[in-house]
There are 2 protein chains.
Amino acid sequence: MSSTSATSTSFAVLGLLALGPGSTYELTQQVQRSLGRMWPRATSRLYEEPKKLVALGWATATAESVGRRPRTVYTITAEGRAALARWLAEPAQGPVLEFEQLLKLVFADQGSRDDALRTVAAARAWAEQANVGNLVAAREYASGKGPQQHRAAPPLLAGAFLTDFYALVARWADWAAEQIETWPDDPADAVADPAEFEAIARRADW
Amino acid sequence: MSSTSATSTSFAVLGLLALGPGSTYELTQQVQRSLGRMWPRATSRLYEEPKKLVALGWATATAESVGRRPRTVYTITAEGRAALARWLAEPAQGPVLEFEQLLKLVFADQGSRDDALRTVAAARAWAEQANVGNLVAAREYASGKGPQQHRAAPPLLAGAFLTDFYALVARWADWAAEQIETWPDDPADAVADPAEFEAIARRADW
DNA sequence: TCTCCTATACTCTCAATGAGAGTATGAGAA
DNA sequence: TTCTCATACTCTCATTGAGAGTATAGGAGA
């Protein structure tokens, strides 16, 4: 019962409750499927959050039951909506990227060329998988099945970013594979192509 | 003295040591400036890692001193290089993105249109800042001042990705601002433009 | 009808981590 | 001479992630 103040995760859960009441299990599913793409959190953490919201008076808990199995449904309160609105008005953090495959590529000169090729291939596969998940989310959105309002504008802003992000990873992986193919057997001897360096520098000029 | 097994952070530090010996302070600076863009870690964590590397026999610690102030310089061992090579051969995790500003935009219908505009403006500003840092890193790289080998090919793979990522955030923020400008005063009434939805769907078709 | 298997619906614990306060000296600028 | 910033760490605490563990519901197939 960590009764400390509300975190961004608390507000993420509160935001989901703003779209309609639900059990923690349903909330965890939403986070896994859609919200987790921009705010990934452990399931165990998500189970704690609604309790905090109730303690803050931002949600109410209703005990239901499916047969003999209990189930707690949470509903946002008026104060909860007000708190959510206040949070939306506060400045937010920019993107934080954690990319282990890219980390390995930085040190690729300490390994084999095949290692590097396998790593970019895995990144390409990741992007394809993420894109498939994205299409599923898009269909849910378009059909109104998802948690969002039917064809509401705000989720589309996130969808656009994620779509382009996955495409970026895929295109970058293809380009990186091409580059690595030109390397000598020992990546430690690989020298950067000045033309590529210039091309990248131009893409940073905006 | 957490003597548990080596994490990706351990290997990140080991990778930096592979480029040359250094004190933990220097390592933390490298992580803050360059590696942190794809593998952000707390400074306190970074101070623990070299000790773990020594315990594993992957690095040696040499006590030096600058005047009366002690300073520990770490050097990678042959076993360290072998361990690093083994790690590079293992599969790595795909990108993990944490983007609070995007999270707020998903729930933008619970706030004001100005909130949303301020949030995308902050994202745009973040991208500009990141791009400036990127140019600094690029100059270091080109001049051979950085930790990397002069004009080695591997770091360029990471540079290319990050450059395009920052540009993506900026371009997306500009587009998002345009979209939000067309919303009514209450974002809850904003309906997605079908043409935009189609455009995004096409960008997901690859 | 009975048996799986999967979905629902949680609780609990432990190790890892982040954040930041705290301490101290060196080096160079004002 | 003093100040400020860089160097070089240690320590602690609350948060978090990861995953094991428990139990019922519901539908598919034998």
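Only this structure's heavy atoms are used, side chains among them; waters, hydrogens and symmetry mates stay out. All chains are named by letter (A, B, ...) in the order of the sequence lines, taking the proteins before the strands, and each is independently numbered beginning at 1.
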| For A:Thr60 and A:Val54, which heavy atoms make the closest approach, and how far apart are they? | C-CG2, 4.3 Å

| request: Would you mind reading off the distance between B:Arg45 atom CZ and D:dC13 atom C1', rounded to a whole angstrom? | output: 15 Å

| said: Within the supplied structure, the quantity of interest is the number of heavy atoms (other residues, nucleotides, ligands) at a distance under 6.0 Å from A:Gln32 CD; does it exceed 12? | reply: yes

| Test: B:Glu140 and B:Arg33 ion pair at under 4.0 Å | yes

| query | Any cation-pi pair here, A:Arg203 with A:Trp206, using under 6.0 Å and within 45°? | reply | no

| remark: Whichever of A:Pro70 and A:Ala42 has the more 5' nearest nucleotide on DNA chain D, that residue is A:Ala42

| said: So B:Thr72, base contact, sugar-phosphate only, or nothing? Heavy-atom distance under 4.0 Å. | reply: sugar-phosphate

| request: Mind calculating the distance between CD (A:Gln29) and P (C:dA7) to the nearest angstrom? | output: 9 Å

| task | Round to the nearest Å and state the distance from A:Glu48 atom CD to D:dA18 atom P. | result | 16 Å

| Quick one: is A:Arg69 getting a side-chain N or O under 4.0 Å of the D:dA25 phosphate, OP1 or OP2? | no

| task | Would you verify whether the NZ or CZ of A:Arg124 falls within 45 degrees of the ring axis of A:Trp126 while also being under 6.0 Å from that six-membered ring's centre? | result | no

| Rounded to the Å, how far apart are B:Gln32 CD and C:dA19 C1'? | 12 Å

| message | Less than 4.0 angstrom between a side-chain N/O of A:Arg41 and OP1 or OP2 of D:dG17, yes or no? | response | yes

| message | By the definition side-chain contact (heavy atoms from CB on, under 4.5 Å), identify the one residue from B:Glu128, B:Gln129, B:Arg37 that meets it with B:Tyr166. | response | B:Arg37

| Whole-Å distance between D:dA8 P and B:Tyr74 OH? | 12 Å

| task | On DNA chain D, check which nucleotide each of A:Thr43 and A:Thr9 is closest to and give me the residue with the more 5' one. | result | A:Thr9

| Short side-chain N/O contact from B:Tyr25 to OP1 or OP2 of D:dT7, under 4.0 Å | yes

| said: Heavy atoms only, 4.0 Å cut-off, all strands: where does B:Ser23 land among base, sugar-phosphate and nothing? | reply: sugar-phosphate

| Separation of C:dG18 C1' from B:Glu98 CD (nearest whole Å) | 12 Å

| query | To the nearest angstrom, how far is A:Arg68 atom CZ from D:dT22 atom P? | reply | 18 Å

| remark: Students should find that the end-to-end axis angle of the helix from C:dT1-D:dA30 to C:dA30-D:dT1, with five pairs defining each axis and rounding to 10 degrees, is 30°

| Heavy-atom donor-acceptor pair, A:Ser44 side-chain to D:dA18 base, under 3.5 Å | yes

| field | Distance in angstrom units between A:Lys51 NZ and D:dT15 P, rounded | value | 15 Å

| said: Counting only side-chain heavy atoms from C-beta out, which of C:dT11, D:dG26, D:dA8 sits nearest to B:Arg71? | reply: D:dA8

| query | Is the number of heavy atoms from other residues, nucleotides or ligands within 6.0 Å of CD (A:Gln93) greater than 12? | reply | no

